A.B. asks: 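Before I ask anything, here is the structure I am working with.
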Amino acid sequence: MLDAAFLARDAVAAAPDLIGCTLLLDGCGGRLVEVEAYTRDDPASHSWPGPTARNAAMFGPPGHVYVYRSYGIHWLLNLVCADASAVLVRALVPEWGRETIAARRPGVPERDWCRGPGRLGTALGIGPQHDGALLDGGAFQLHQRDGAPVVAATRRIGISKAVERPWRFVEAGSRWVSSPIGGPSAA
DNA sequence: CTACCGATCGCCT
DNA sequence: GGCGATCGGTAGC
């Protein structure tokens with residue numbers, strides 16, 4: 001288990017170090033291959049407007065999770081870092097709890113189970129009840145990686161503000177990321 | 001393979 | 001009242 005100190009720094013610093021680490025919720029999850037960083041000083045971040053009811057977890061201590069609903073449909077998972085920054089979890093390798101995940105996504109190819117933040121939320125069973133939960137080895141577990149994967153930085157996906165900040169981090173060459181480069185037709 | 005569009009709703013202006 | 005840190009289906013090349 002990684003301790004809270006691992007996330008007690010800016011999300012931009014913590015995000016690349018999270019690639020290769022293993023994230024589990026109730027035994028479902030696997031190795032992280034794609035994340036994005038969002039900071040307090042970041043027009044694309046949910047903490048940008050200041051504290052509200054929705055983003056309260058982002059303004060709490062590091063080492064908790066921030067969960068919110070996207071497009072009225074999907075539940076997205078973030079790991080809260082220091083100073084109201086957070087890391088959006090976008091993709092992982094489904095290594096643990098595979099039978100549970102398969103039951104949640106009938107007919108969906110294995111490669112798509114956790115490829116994209118919305119699908120990952122469904123696969124792990126993320127919901128509003130998890131907002132503010134502690135990454136303490138209970139329901140949520142975050143384990144240190146073995147070795148150092150090759151990490152590439154690209155532009156973030158699906159946002160309209162601060163698009164130039166290269167704060168999306170992927171494991172180079174992984175087939176489990178939502179897009180190998182920088183999103184649909186990005187350089 | 002890429003491109004477009006509808007679904008669906010909580011939050012902020 | 002407008003707008004997403006998205007996905008899945010369909011259409012077209």
Side-chain angles (χ1 to χ4, degrees), chain A residues 7 10-16 18-19 23 25 32-60 62 64-92 94 101-133 135 151-171 175-187:
Chain A
L7 294 174
D10 189 87
V12 178
L18 282 164
I19 299 298
L23 177 72
L25 169 56
L32 297 173
V33 294
E34 179 181 354
V35 299
E36 285 178 355
Y38 291 85
T39 69
R40 179 70 219 270
D41 180 25
D42 176 5
S45 172
H46 283 189
S47 57
W48 170 255
T52 66
R54 176 173 66 153
N55 64 22
M58 279 193 79
F59 287 87
H64 293 245
V65 305
Y66 165 49
V67 172
Y68 74 96
R69 197 170 179 76
S70 176
Y71 288 88
I73 301 172
H74 308 288
W75 291 99
L76 273 55
L77 174 67
N78 299 257
L79 310 183
V80 176
C81 298
D83 304 319
S85 68
V87 174
L88 171 68
V89 182
R90 289 189 55 93
L92 57 76
I101 296 174
R104 287 174 176 148
R105 302 309 307 277
V108 175
E110 175 186 353
R111 183 171 181 247
D112 292 336
W113 285 350
C114 303
R115 195 165 65 96
R119 288 182 282 207
L120 186 151
T122 298
L124 270 57
I126 300 290
Q129 71 275 20
H130 296 118
D131 187 36
L135 277 160
V151 178
T154 78
R155 291 184 173 195
R156 296 175 292 182
I157 294 176
I159 59 172
S160 58
K161 301 165 190 166
V163 294
E164 74 287 353
R165 302 191 189 192
W167 289 350
R168 172 174 176 259
F169 301 94
V170 302
E171 177 173 350
R175 77 187 202 94
W176 300 98
V177 304
S178 64
S179 174
I181 315 286
S185 59

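Being a predicted model, the structure only gives us computed values, none of them experimental. Numbers restart at 1 for each chain; the letters A, B, ... are given by sequence-line order, proteins then strands.
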A.B. asks: Taking the side chain of A:Arg54 as its heavy atoms from C-beta onward, which of B:dC9, B:dC11, C:dT6 lies nearest to it?
C.D. replies: B:dC11
A.B. asks: Measure the distance from CD1 on A:Ile159 to P on C:dA5 and round it to the nearest whole Å.
C.D. replies: 8 Å
A.B. asks: Rounded off to whole Å, could you give me the CD1-to-P distance for the A:Ile73 and B:dG10 pair?
C.D. replies: 12 Å
A.B. asks: Expressed as a whole number of angstroms, how long is the span from A:Ile126:CD1 to C:dC7:P?
C.D. replies: 14 Å
A.B. asks: Taking the side chain of A:Tyr71 as heavy atoms from C-beta outward, which of C:dG4, B:dT13, B:dT8 is closest to it?
C.D. replies: C:dG4
A.B. asks: Taking Watson-Crick and G-U wobble pairs with both distances under 3.5 Å, convert DNA chain C into its dot-bracket string, 5' to 3', dots for unpaired and | for cross-strand pairs.
C.D. replies: ||||.|||||||.
A.B. asks: Whole angstrom is fine here: how far is it from CG in A:Leu120 over to P in C:dC7?
C.D. replies: 9 Å
A.B. asks: Check whether A:Arg111 reaches the backbone of A:Arg175 with its side chain - one donor and one acceptor, N or O, closer than 3.5 Å.
C.D. replies: yes
A.B. asks: Over all strands shown, is A:Gly72 touching base, sugar-phosphate only, or nothing at heavy-atom distances under 4.0 angstrom?
C.D. replies: base
A.B. asks: Can you tell me if A:Ser45 uses its side chain to pair, donor with acceptor, with the backbone of A:Arg40 under 3.5 Å?
C.D. replies: no
A.B. asks: Are A:Ile159 and A:Arg165 packed together at the side-chain level, in the sense that at least one heavy-atom pair is separated by less than 4.5 angstrom?
C.D. replies: no
A.B. asks: Can you tell me which nucleotide in B:dC9, C:dA5, B:dA7 comes closest to the side chain of A:Leu88?
C.D. replies: C:dA5
A.B. asks: Side chain of A:Arg69, heavy atoms from C-beta onward: which of B:dC9, C:dA5, C:dT6 has the nearest atom to it?
C.D. replies: B:dC9
A.B. asks: From the options C:dC7, C:dA5, B:dC11, select the nucleotide whose nearest atom is closest to the side chain of A:Ser45.
C.D. replies: C:dA5
A.B. asks: Starting from P on C:dT6, measure out to CZ on A:Arg168 and report it in whole angstrom.
C.D. replies: 11 Å
A.B. asks: I want to check something: taking the side chain as every heavy atom from C-beta on, are A:Tyr68 and A:Asn78 in contact at a cut-off of under 4.5 Å?
C.D. replies: yes
A.B. asks: Nearest-Å distance, CG (A:Leu77) to P (C:dA5)?
C.D. replies: 16 Å
A.B. asks: Please determine whether any donor N or O and acceptor N or O are separated by less than 3.5 Å between the side chain of A:Tyr68 and the base of C:dA5.
C.D. replies: yes
A.B. asks: Measure CZ/A:Arg115 against P/C:dG8 and give the value in whole Å, please.
C.D. replies: 10 Å
A.B. asks: Search all heavy atoms of A:Val177 against all heavy atoms of A:Arg115 and return the closest pair with its distance.
C.D. replies: O-CD, 3.1 Å
A.B. asks: For A:Gly116 and A:Ser160, take the nucleotide of DNA chain C holding the closest heavy atom to each; which residue's nucleotide lies nearer the 5' end?
C.D. replies: A:Ser160
A.B. asks: With a 6.0 Å cut-off (strictly less than), is the heavy-atom count around CG of A:Asp10, excluding the residue itself, greater than 12?
C.D. replies: yes
A.B. asks: Measure from the side-chain heavy atoms of A:Thr52 and tell me the nearest of C:dA5, B:dC11, C:dG8.
C.D. replies: B:dC11
A.B. asks: Separation of A:Trp113 atom CH2 from C:dT6 atom P, in whole Å?
C.D. replies: 23 Å
A.B. asks: Should A:Asp42 and A:Arg156 count as side-chain neighbours, where that means a heavy-atom distance under 4.5 Å?
C.D. replies: yes
